[in-house]
Protein chains: 2
Amino acid sequence: MPDTTAAFIQHDHSACQSKALAYVTEQCAAKGLRLTEARRRVLEILLESHTALGAYDVLQRLNTEGYSAQPPIAYRALDFLVEHGFAHKVERISAFVACHFPGQCHAPAFLICRSCRTVAESRSARQVNPLQADAQAMKFSIEDTNVEAEGLCQSCQSEQGA
Amino acid sequence: MPDTTAAFIQHDHSACQSKALAYVTEQCAAKGLRLTEARRRVLEILLESHTALGAYDVLQRLNTEGYSAQPPIAYRALDFLVEHGFAHKVERISAFVACHFPGQCHAPAFLICRSCRTVAESRSARQVNPLQADAQAMKFSIEDTNVEAEGLCQSCQSEQGA
DNA sequence: AATCGATATGTTATCTTATAACAATATCGA
DNA sequence: TCGATATTGTTATAAGATAACATATCGATT
């Protein structure tokens, strides 16, 4: 599965984390964006796994770490990360994942397991926007795209699915 | 724009409506599905335009027609329509539109105007699922797909957009 | 170093979207 | 007509998201 993140297979996840965190840190420095405490913590929380987290999941994590926070704290940090392509919102499940192809993401595409909520980002699917042709024909200007497929990952199929 | 619904151009909308309603009626009869009063009314409301409606918009319409209803009434009818492919949920805006290619829809694709909320369903984009290859490679079984692009339609661009 | 504008955070309250739970009713085949 | 199944009615509440405004921080400029 060369064109997809390792979400559904065993891999060295600490490499995923450190690579993404380093990239974001570097990008923020380069572009004059402020990777504040709250934003960095939220990114780190998202990077802990390939599971999509709801805004309130993130919030709860912040709170259990002694960072007493209300919903806007989480949403603002998530909005920042999404706005700059460091994270994505998975619309179908109203949840967020860290971006695993930072810097290359224009139209992310996801495989979402409805059982374990693991989300794999597809590199190949992201290359082509299937709506582009129609959009041009009707002079519709696309600003943002989401391509999402929900189903069962191999491991959850084995367990008969949920 | 041959491969897209007429959502963003002038057209005989009453033909859209009657065609879709006739098709759904026929399909329900053929498959033994019950197109009850509530379900038919909700479909008719969605068919009135190519604008996506939230569940609570639909609910309000039902109520102004003297059909006193609570949220589950609207959600159940919408769920029925979506489940059988007679309507779609537009995830990005948590709203619903009637299907304009009934019977051919496996992976609908939408162009969503963020200003007027008009939604055009693309036929061509629907043919190919860009995630299929990756899904097969990692033995992920896709059950449902959504492809959505948000932006500005031509007419809202002219008005400088919102 | 003090000031100022811009950006980010803290906090309260509220809004929107969606569903759980259970009782009551309608439908359809045996 | 009975009984199983599907649908509706109703109340309550869960889950997701944002408006509004006060406070604090950052970073450039004097």
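Protein chains get the first letters and strands the later ones, always in sequence-line order, with residue 1 at the start of each.
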Inter-residue atom distance B:Phe140.CZ - A:Gln157.CD, 0.5 Å rounding: 8.0 Å
Protein proximity profile, nucleotides 17-30 of chain C - base contact B, sugar-phosphate-only contact S, no contact -, cut-off 4.0 Å on heavy atoms: BBBBB-----S---
Rounded interatomic separation in angstrom, taking CZ from B:Arg92 and P from D:dG16: 19 Å
Set of ring-ring contact (aromatic ring centres under 6.0 Å, His included) partners for B:Phe80, sequence neighbours left out: B:His84
Between P of C:dA13 and CD1 of A:Ile73, the distance in whole Å: 16 Å
Residues that B:Asn63 engages under side-chain hydrogen bond (donor to acceptor under 3.5 Å, both in side chains), provided they are two or more places apart: none
For B:Glu83, side-chain hydrogen bond (donor to acceptor under 3.5 Å, both in side chains) partners two or more places apart: none
Whole-Å gap separating C1' (D:dT8) and CZ (B:Arg41): 17 Å
Phosphate OP1/OP2 of D:dT8 contacted by B:Thr36 side-chain N/O (<4.0 Å): yes
Touch class at under 4.0 angstrom, heavy-atom based, for B:Tyr67 against every strand present: sugar-phosphate
Between D:dA17 (P) and A:Gln60 (CD): distance, integer Å: 16 Å
Atom-to-atom span, CG of A:Leu59 to P of C:dT9 - whole angstrom: 14 Å
Net bend of the helix from C:dA1-D:dT30 to C:dA30-D:dT1, end axes of five pairs each, nearest 10 degrees: 30°
Residue list, side chain to side chain contact (heavy atoms under 4.5 Å, CB included) with B:Ala77, at least two apart or on another chain: B:Arg39, B:Val42
Candidates A:Leu47, A:Leu35, A:Leu33 - the one meeting side-chain contact (heavy atoms from CB on, under 4.5 Å) with A:Val24: A:Leu35
Set of ring-ring contact (aromatic ring centres under 6.0 Å, His included) partners for B:Phe96, sequence neighbours left out: none
Quiz: residues 51-59 of chain A side-chain donor-acceptor pairs under 3.5 angstrom, not counting sequence neighbours:
| residue | atom | partner | partner atom | Å |
| --- | --- | --- | --- | --- |
| A:Thr51 | OG1 | A:Ser49 | OG | 3.4 |
| A:Asp57 | OD2 | A:Gly54 | N | 2.8 |

Side chain to side chain contact (heavy atoms under 4.5 Å, CB included) partners of B:Gln27, counting only residues at least two apart: B:Tyr23, B:Lys31, B:Phe86
Atom pair distance, as rounded to whole Å: CZ in B:Arg39 and P in D:dG9: 12 Å
Value in whole Å for how far the P atom of D:dC21 lies from CD of A:Gln70: 18 Å
Interatomic distance, A:Leu78 CG vs C:dT9 C1' [rounded to whole Å]: 15 Å
